[in-house]
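All values below come from the heavy atoms of this structure, side chains included, with hydrogens, waters and symmetry mates left out. Sequence lines set the chain letters: A, B, ... in the order given, protein chains first and strands last, and positions in each chain run from 1. Since we're looking at a predicted model, the values are computed, not measured.
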2 protein chains.
Amino acid sequence: MATYTPSQVAAKTGFSLDTLRYYERIGLLGDIARTSGGRRTYDDDDLGWLGMVQCLRDTGMPIADMLRFAELCRNGDDTIPERIALLEQHDATVQEKIAHLNTQQQRISNKIQWYRDVTRADDVPSKVADSAPV
Amino acid sequence: MATYTPSQVAAKTGFSLDTLRYYERIGLLGDIARTSGGRRTYDDDDLGWLGMVQCLRDTGMPIADMLRFAELCRNGDDTIPERIALLEQHDATVQEKIAHLNTQQQRISNKIQWYRDVTRADDVPSKVADSAPV
DNA sequence: TTGCCACCTGGAGTGCGCTCCAGGTCAAGG
DNA sequence: CCTTGACCTGGAGCGCACTCCAGGTGGCAA
């Protein structure tokens, strides 16, 4: 099975070496295999898990929740329903976040358009005056 | 013109009193009018600006950038092109964020589905084994 | 006039998620 | 062998965006 040095993993995942060590220290990664000399050797399972971590992190899951998920994963197949529940909960949160982002982005677009109208008219015409303020 | 007490503004906007004072202190709000006794009295313009701040904050703009935008707004109509540029830049960032969130959410959905398939099969059948790992 | 509560100020503290550092170890190339 | 650079550990430090606090003031209601 393929193994990877810390710097290879950093390159592949975008996590820094410090972050990788940090995640391991707090228990987000489980113990990583070592060489006889004590150097970490990551394998494909580790990379897979790191991908999951990255996905959850990038969607805004706090580390505490990821730790909970990691713990469930470590505790065998009986926890799968709980894992599903956790992910569904998170999925709903992400859904809301996306929706909120979309509405806020619309506001930004409106504002940009408002500025464009203002500059084209060289002043604030009534047609445009009731747009977003300031 | 309608005016509002700090707690009314907090209720309307969702910002805490401390956050309102903090934003004022760092220059994100400009000086808020005061009563003779020194109490803040916010007006509708302030609320409008706070709405903008909220929109930018919720879409992930760092305070430093909002300060820059606030400064442009204070410096008259000549800065409107710069404001547009800043907002367009931000808009693009938000766009990317939404796109990334969507792809990551897809991964989460896949993972949930994968867990469902696993539990239904009571083990990992080959049909499902090449899905997302761990 | 006296409570009382909302509000004021400046400054210190908090939580999160890393990031940096000092001082040491391991292993491959020359 | 010796150098060199990637890696090790434990712990301290950082940047952001607030949040809390102590000690004091304003103004309305009873």
Between A/D18 and A/T35, which is nearer to the 5' end of DNA chain C once each is assigned its nearest nucleotide? A/D18
Would you classify B/Y23 as touching base, sugar-phosphate or nothing, given that sugar-phosphate means primed atoms plus P, OP1 and OP2, and contacts are heavy atoms under 4.0 Å? sugar-phosphate
Please state whether the phosphate of D/dC18, meaning OP1 or OP2, lies under 4.0 angstrom from any side-chain nitrogen or oxygen of B/R57. yes
Between D/dA17 atom C1' and B/L67 atom CG, what is the distance in whole Å? 12 Å
Please state how far atom CD1 in B/I63 lies from atom P in D/dC16, giving the value in whole angstrom units. 9 Å
Is there a donor-acceptor pair under 3.5 Å between the side chain of B/D46 and the backbone N or O of B/D43? yes
Please give, in whole Å, the distance from D/dA12 P to A/R25 CZ? 11 Å
Is the distance from OP1 or OP2 of D/dC18 to the nearest side-chain N or O of B/S16 less than 4.0 Å? no
Is any side-chain N or O of B/R34 closer than 4.0 Å to OP1 or OP2 of C/dT9? yes
So what does B/R21 hit on the nucleic acid, given a heavy-atom distance under 4.0 Å: a base, only sugar-phosphate, or nothing? base
Over 60° means perpendicular and under 30° means parallel, so tell me whether A/Y23 and A/F15 are parallel, tilted or perpendicular. perpendicular
Interatomic distance, B/F15 CZ vs D/dC18 C1' [rounded to whole Å]: 12 Å
OP1 or OP2 of D/dC7 sitting under 4.0 Å from any side-chain N/O of A/T5? yes
May I ask you to decide whether A/R21 forms a salt bridge with A/E24, counting only side-chain N to carboxylate O separations under 4.0 Å? no
Nearest-Å distance for atom pair CE/P, residues A/M66 and C/dC16: 12 Å
Do any N or O atoms from the side chain of A/T79 and from the backbone of A/E82 form a donor-acceptor pair under 3.5 angstrom? no
OP1 or OP2 of C/dT9 sitting under 4.0 Å from any side-chain N/O of B/R40? yes
Rounded to whole Å, please give me the gap between CD1 in B/I26 and P in D/dT19. 13 Å
Counting distance only, does the side-chain N/O of A/T59 pair as donor-acceptor with the main-chain N or O of A/C55 below 3.5 Å? yes
Kindly indicate whether the side chain of A/R39 and the base of C/dA27 share any N or O donor-acceptor pair separated by less than 3.5 Å? no
Would you indicate, yes or no, if C/dT19 has its OP1 or OP2 atom less than 4.0 angstrom from a side-chain nitrogen or oxygen of A/T19? yes
Assuming nearest nucleotide by heavy-atom distance, tell me which of B/G38 and A/Q8 is located more 5' along DNA chain D. A/Q8
D/dC7 P sits how many Å from A/E24 CD, rounded? 14 Å
For B/L20 and C/dA6, what is the distance between atoms CG and C1' respectively, to the nearest whole Å? 14 Å
